[in-house]
Every structure is written in C-alpha cells, then in structure tokens.
Amino acid sequence: MTTQRTSGRRKQALAAAAAVAALLTTAACGGGDDDGGNGKGSSTGAAGFNAANNKVAQASLAKKGGELKFAGAQDADSWDTTRGYYGFMWNFARYYSRQLVTGAAAPGEKGTELTPDLANGLAKITDGGKTYTYTLRDGITWEDGKEITSKDVKYGIERVWAQDVLSGGPVYLKDVLDPKGEYKGPYKDSSADKLGLKAIDTPDDKTIVFHLPEPNADFEEILALVSASPVRQDMDTKSKYGLKPFSSGPYKFQSYSPGKDLVLVRNDKWNQASDPIRKAYPDKISVKFFSNANDLDARLLAGDYDLDINQTGLSPQGRTSALQEHKANLDNPVSGYIRYATFPQNVKPFDNEHCRKAVIYGADHVSLQTARGGPVAGGDIGTNMLPPTVPGSEGQSYDPYELNGANKNGNVAKAKEELKACGKPNGFKTTIAVRNNKPVEVATAESLQASLKKVGIDVNIDQYDGSQTSGIIGSPSNVAKKGYGIIIMGWGADFPSVQGFGLPLWDGKYILESGNNNFAMIDDKKINGLFDTYVKTQDDAGKLAIAKDINHAVMDGGYYLPFVFEKFVNWRGDRLANVYTSDNYSGMYDFVNLGLKSAK
C-alpha cells in the first residue's frame, strides 16, 4: 500500500467522522420524544434520539400480534444452542430456548441481573460454593407439549463435550465441571441413558444438582449462557440441529434457509404462566439476510424491516442518511466491546515491555478514535482493557498512560524514552495484522502506521482473510512466522464479569495452538493467580476488587493499546415498542420482549 493511498483514506475517515460527530451532536440536542425538529423522525412516530438507550421506549404501546421483521448482513454462526457464539445469536435464541437462569428483561445494567427461568429460583449453593441445586418450574414444555425435565437440561449441557461434532460454542461448562476432560460427551457415552456426566445429578425430573470440583464464583452466569439450554435426546439431530432446533420457548422454527431467511412462529405448547421472562408479543418473527450492508440499511430506513439482527450499527452510508433524515430512530449505546491493538510476545521486539510501551505512547489516540468513527459513532477513547459494562471497570477514570489526557495525541518524547529502554533507540520495523473484511480496522491500522512513523517505528500492514481468523492470528506459530508484532482486534464479554471478559485473553492456561485469543501470549504468574483467586471468591465486593487488580496488572505489562470503548449507531424502526438496550447483550437491543405498536 502506497503512502498516497494511505493518506487519502485517512483524510476520508477524518472527514466522515467529523460529519457524523456534527450530526450526532445536533441529534443529541433533540432528546425526548422528537428529534429537535430536524429530520423526519418526529413525523413518523419514532421515540426520539437515544430514547431506548439504557431505558425503555414506548413500553405501553406494545400489542399482541403482527410480524416482527429483522434483517441482517450476516447469518448466525449456528442456531444450535451448543454451537452458537455470536452475541446476536445468544440474544435471538431466547425466542426458542430457555435456561435454568437468564438475564433480566430490563434495560442497561439491570439486564445483567440473574433471574430464574426454567428453575423456580436461583441456585441453592452449598459445600463451600461447589454444589448448586435447582428445582424446575411446573408447566414447562417442549414444542410438542411434553414436559421439560432435569434430564433434558443435563443432556443439553452434555452436548458441550461433543466438540468433535458440535464445535464453535463456548466451553466454560466443560472447563468448570470437568477440568480433567474425563467425560467424552453424549455421543461417546457408554451408559444406557447417555447421561454419564458425573458432575450433574438428576435425582428426579424436577431436580438438577451440579457438583463443581472447585468453586467458581460465576457459575450461575455460565448457566445463563444459551449453551446451557435443554436439548431432548430424541430430537437431537447432532450436527444438523442448528437447522431446526426443538423449541423450549414461545416460538418455534417454521423455516430456515441458511444465509437467506429464517421464520419463527408461535409455539402453541408454550405456557405463559411458566415463563416470567418472555411476553411473546409478535405472532411471527422473520429474518431476512442481505449480502450488501448498504442495501440492508436502505431497507431499514425505508421501513421495510424493523431492526438489524446483527446489532453492530449502521454502515457509514446508512448512518449518514439516518442522521440527516431519521435521527429520532437512532440510539447510540456503549457496545460493551473494546477495540484494541495487542502485541504478541513471541514476536520480537515485543517480548520487551518497553518496546510495547513505545507503541502505546507513540500512538495518536484521537486519530485512532477518529478512524473508528469519532467519539460518538466510534466510542470514547479507551484508557484501559476492562469495558464499562463489566463489573469492576473504572471506565476512563483509570488512565495509566494518560491516553485520554496529556498523551491523547501521542507523546513522541516518551515513546523515544521507551525505545531507548528496550534497546531500540533508532526504532524498529514490524507488521500489523488486520482483517481485510473490516474497513474500519484497516483505517485504524493506517492511523497507527502514520503516528508510529513519527517515533521511528516502521510498520507494514498485512490484510488477511477475516473468515480465517482462528487459523491466522489464532495460531501463535503462524503469528511468529509472519512477524505480526501488532494485531488489531476487538472483544466483548461472554458474560458480565472479568472472568467472562478476560480469561480467554489474559490467562496463560488459555494460550492455544489454534483458535487462540490470548494473542499477547500473556502467561504472568500474578495475573494467573488473580484469576485463580477470583473464581473462588463468593462476595461481590471481593470480586470487584480482584477485577480491578487484574485490569491494572494487564495495563502495567503494556500488553495492549486500547483504541475505544466502542459505541454504535443503531436503528430502531417506527413500528417497534418496548425497546431498550441491555448490558447483558453488550448494548444491543434486548430482543426477547420487543413488540409492535400495531398487530397489523
């Protein structure tokens, strides 16, 4: 890539971000139930800019009936509750799957509070935090009317062990309940009932008991993931299950064409009295997948669809149009994701913390924020590695490198001091790895490249196939071979805790030969020990303190350059009612109780 082209893209990114910021600033002034008199929002019945951001918009207007219309630019990785790992899939799966416990159907931080779902209460915890006992509700049924039993819940959880057939989803349950990997999964289970996992007892159809080898303070959070959904053995189609999961929720699959469309209809065997979470307003829920994001956004703005199932924000073109003409239909939530650069220690000279810190100080953090869309469309400057939606986060108040203060535009002198300390006073050469299907990441890489040049760090940008991430940057040996000293990536919490966010990134036990997410290759005794202490800590105050300590230790090591605490500009259609964003789903709209203002 030539310097001329790089400069041109950066100028375009700066101009676009400035325009968006100006429009959003105007939009923010509208507030309330209109858009400040500018644009079409006030005439369409939209609730107003940010009306559903951590609060409920038009709750009283939701009617029973009608078709709720989703659209998206990407299908789920899988609709199988064991295999799905995309955040929007976990959100959408609550239409057709239930768990023992789940996040509350409430806006903002309240959405992260656990509440009983299939179970009639939260766990009875005994044996020093190693035994969890639940009793199932009465009246919980499958889509054919048969009762959901404790054995169905156990079998659904056992499927997580069948990684040779059902790979792709989270494996926390496996790691916590069977850390030695002794159970081989239900498909290789030699017991007659295929329920041979010793860590779970089902003394009767209503009772399920979990026996943890060691306490884990977030175990109920893990049980709230969709990977803990029940699956009935006689309806398990193994690798094909994601094509038509068997419903335990208020909706069931009517049709599904991968990459094209999905239709859910009411499950008439679902019992509202047995479900305190789901209101099941629409009669029908449809999803249409588009291959072009601009086409998708145009159809959303035209009112043909109600919202984007992917919940990653409007594209730049759609965002600009929406801000000019439909401001009252937009929300600007903090996403729960951090976008960052990380420095693999198996690539020299990033085995030296001073070389890592030279990049941190050399970067222009305002330019990086601008490349990602500016302060509103991109997010607040990231000052540390624990996002604001995770308990224990200190937000921008914890800023050890003054990235949002004195050094926000970079500090050449400090960077050169660090270069001298790491034995590279004249700088060095390295390569940034960035996904080729993420234009905003490419723009971010170009911004970083330009600012590092000022301190003597010469950076080459290598764009790789984004669909092959796990085998390219997820392979430490390939990272070393390619000389990827800087990797651009992002991350959100699997569940709202420092364990749910940071364990795969920062604990030495999670360095993998393939599918690795600990890109920095952190294997620090202090950090590992803090995680070991965290999972055994039962009181909330103690957990918050340890979360802060982990974040501080990660930042002290200079393993990451955070870019932004990401924000999105999301579309909320005119027909929607009972709309709110939830921290439980990283700032997405909580799908489960969306309704329509009219059943027509």
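In this text, all values refer to a predicted model and were calculated from it rather than measured experimentally. For the single chain, residues carry numbers from 1 onward in sequence order.
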Checklist entry - Taking Asn310 for the side chain and Ala73 for the main chain, is one N or O donor matched with an acceptor at less than 3.5 Å? => result yes
Checklist entry - If we ignore angles and hydrogens, is there a donor and acceptor under 3.5 Å between the side chains of Tyr589 and Asn53? => result no
Item to check | Check: Phe92 ring centre within less than 6.0 Å of Phe70 ring centre | outcome: yes
Checklist entry - Is a side-chain donor-acceptor pair under 3.5 Å present for Tyr86 with Gln74? => result yes
Checklist entry - Mind checking what makes side-chain contact (heavy atoms from CB on, under 4.5 Å) contact with Ser286, not counting sequence neighbours? => result Glu67, Lys69, Val263
Item to check | Asn216 and Tyr172 side chains, donor-acceptor separation under 3.5 Å | outcome: no
Checklist entry - Hey, are the side chains of Ser239 and Arg83 touching, using non-hydrogen atoms and a 4.5 Å cut-off? => result yes
Checklist entry - For Glu220 and Tyr134, what are the C-alpha separation, side-chain angles and deciding distance, and is it a side chain to side chain donor-acceptor pair (under 3.5 Å)? => result CA-CA 11 Å; Glu220 278 203 286; Tyr134 295 91; 2.7 Å; yes
Checklist entry - How far apart are the C-alpha atoms of Asp75 and Tyr256, what are their side-chain angles, what is the distance that settles it, and do they pass the side chain to side chain donor-acceptor pair (under 3.5 Å) test? => result CA-CA 11 Å; Asp75 201 345; Tyr256 173 47; 2.6 Å; yes
Next on the checklist: Holding to side chain to side chain donor-acceptor pair (under 3.5 Å), I want the full list of residues that pass it with Ser582, two or more places apart in sequence or in another chain.
Outcome noted: none
Item to check | Derivation and outcome, side chain to side chain contact (heavy atoms under 4.5 Å, CB included), residues Thr81 and Val231 | outcome: CA-CA 9 Å; Thr81 50; Val231 173; 4.2 Å; yes
Checklist entry - With a 4.5 Å limit on heavy-atom distance, are the side chains of Glu513 and Ser477 in contact? => result no
Checklist entry - So do Ile140 and Trp270 actually touch side chain to side chain, heavy atoms under 4.5 Å? => result no
Next on the checklist: Given Leu594, which partner from the list Asn578, Asp306, Val579 fulfils the side chain to side chain contact (heavy atoms under 4.5 Å, CB included) test?
Outcome noted: Val579
Item to check | Backbone N/O of Asp539 and side chain of Thr537: donor-acceptor pair under 3.5 Å | outcome: no
Next on the checklist: Is it the case that the side chain of Ser470 and the backbone of Gly474 share a donor-acceptor pair, with hydrogens and angles ignored and the cut-off at 3.5 Å?
Outcome noted: no
Next on the checklist: Asp590: which residues meet the salt bridge (charged side-chain N to carboxylate O under 4.0 Å, His left out) condition with it, sequence neighbours left out?
Outcome noted: Arg94
Next on the checklist: Strictly distance-based, threshold 3.5 Å: is any side-chain N or O of Asn551 a donor or acceptor partner for the main-chain N or O of Met385?
Outcome noted: yes
Checklist entry - Any sub-3.5 Å donor-acceptor pair from Gln345's side-chain atoms to Ala520's backbone N or O? => result yes
Item to check | Atom NZ of Lys509 with >12 non-hydrogen neighbours under 6.0 angstrom | outcome: yes
Checklist entry - Who are the side chain to side chain donor-acceptor pair (under 3.5 Å) partners of Tyr398, not counting sequence neighbours? => result none
Next on the checklist: Run the side chain to side chain donor-acceptor pair (under 3.5 Å) test against Asp583 and tell me which residues pass, sequence neighbours left out.
Outcome noted: none
Checklist entry - What pairs meet the salt bridge (charged side-chain N to carboxylate O under 4.0 Å, His left out) rule with one or both residues in residues 196-207, with sequence neighbours excluded? => result Asp138-Lys206, Glu147-Lys206, Lys151-Asp205
Checklist outcome for this item: Quick note, salt bridge (charged side-chain N to carboxylate O under 4.0 Å, His left out) partners involving residues 208-219, not counting sequence neighbours, are Asp218-Lys543
Checklist entry - Does the gap between the ring centers of Phe519 and Phe343 come in under 6.0 Å? => result no
Checklist entry - Taking the six-membered ring for Trp, is the centroid-to-centroid distance between Trp79 and Tyr95 below 6.0 Å? => result no
Checklist entry - Do Thr207 and Ser150 come within less than 4.5 Å of each other through their side chains, counting heavy atoms only? => result no
Checklist entry - Taking C-beta and beyond as the side chain, do Phe219 and Leu212 meet within less than 4.5 Å on heavy atoms? => result yes
Next on the checklist: side chain to side chain contact (heavy atoms under 4.5 Å, CB included), that's the test. Do Thr102 and Leu114 meet it? Break it down for me.
Outcome noted: CA-CA 6 Å; Thr102 190; Leu114 290 180; over 6 Å; no
Checklist entry - Can you pull the salt bridge (charged side-chain N to carboxylate O under 4.0 Å, His left out) pairs that have at least one residue in residues 230-244, sequence neighbours excluded? => result Asp144-Arg232, Arg159-Asp236, Arg232-Asp234
Checklist entry - Given Leu173 and Leu223, is the side chain to side chain contact (heavy atoms under 4.5 Å, CB included) satisfied, shown in steps? => result CA-CA 8 Å; Leu173 287 162; Leu223 287 176; 3.8 Å; yes
Item to check | Listed partners of Ala106 passing side-chain contact (heavy atoms from CB on, under 4.5 Å), at least two apart | outcome: Ala104, Lys110
Checklist entry - Can you tell me if CD on Glu109 sees more than 12 non-hydrogen neighbours from other groups inside 6.0 Å? => result no
Item to check | Aromatic contact, Trp90 with Tyr585 (centres under 6.0 Å) | outcome: no
Next on the checklist: For a quick test of reading the model, state the closest non-hydrogen atom pair linking Ile511 to Ile522 and the distance between them.
Outcome noted: CD1-O, 3.8 Å
Checklist entry - Is it true that a side-chain atom of Asp178 and a backbone atom of Glu182 form a donor plus acceptor pair closer than 3.5 Å? => result yes
Checklist entry - Going by distance alone, is a donor N or O of one side chain under 3.5 Å from an acceptor N or O of the other, for Trp506 and Asn518? => result no
Checklist entry - Would you find a donor on one side and an acceptor on the other, under 3.5 Å apart, between the side chain of Asp380 and the backbone of Gln396? => result no
Checklist entry - Yes or no on side chain to side chain contact (heavy atoms under 4.5 Å, CB included) for Lys252 and Arg266, after CA distance, side-chain angles and deciding distance? => result CA-CA 6 Å; Lys252 60 184 179 181; Arg266 285 196 184 277; over 6 Å; no
Next on the checklist: The criterion is salt bridge (charged side-chain N to carboxylate O under 4.0 Å, His left out); which residues satisfy it with Lys269, sequence neighbours excluded?
Outcome noted: none
Checklist outcome for this item: Residues at least two apart in sequence or cross-chain that pass salt bridge (charged side-chain N to carboxylate O under 4.0 Å, His left out) with Asp189, listed by chain then number, are none
Next on the checklist: As a test of understanding, state which of Phe253, Trp142, Phe246 forms a ring pair (Phe, Tyr, Trp, His ring centres under 6.0 Å) with Tyr96.
Outcome noted: Phe253
Item to check | Ring-ring centroid check Tyr340 Tyr560, cutoff 6.0 Å | outcome: yes
Item to check | Check against salt bridge (charged side-chain N to carboxylate O under 4.0 Å, His left out), Asp164 and Lys188 | outcome: CA-CA 11 Å; Asp164 56 334; Lys188 297 178 181 178; 3.3 Å; yes
Checklist entry - Do we see a donor-acceptor contact under 3.5 Å between the side chains of Glu158 and Tyr187? => result no
Item to check | N/O donor-acceptor pair under 3.5 Å between Arg339 side chain and Phe563 backbone | outcome: no
Checklist outcome for this item: Hits for side chain to side chain donor-acceptor pair (under 3.5 Å) against Arg278, two or more places apart or cross-chain, chain-then-number order -> Asp117, Asp275
Checklist entry - Just by distance, do the side chain of Ser248 and the backbone of Arg98 share a donor-acceptor pair under 3.5 Å? => result yes
Next on the checklist: Determine whether a donor-acceptor pair (N or O, by modelled atom type, separation under 3.5 Å) exists between the side chain of Asn384 and the backbone of Gly395.
Outcome noted: yes
Item to check | Test item: Pro496 and Pro391 side chains (from C-beta on) under 4.5 Å apart, heavy atoms | outcome: yes
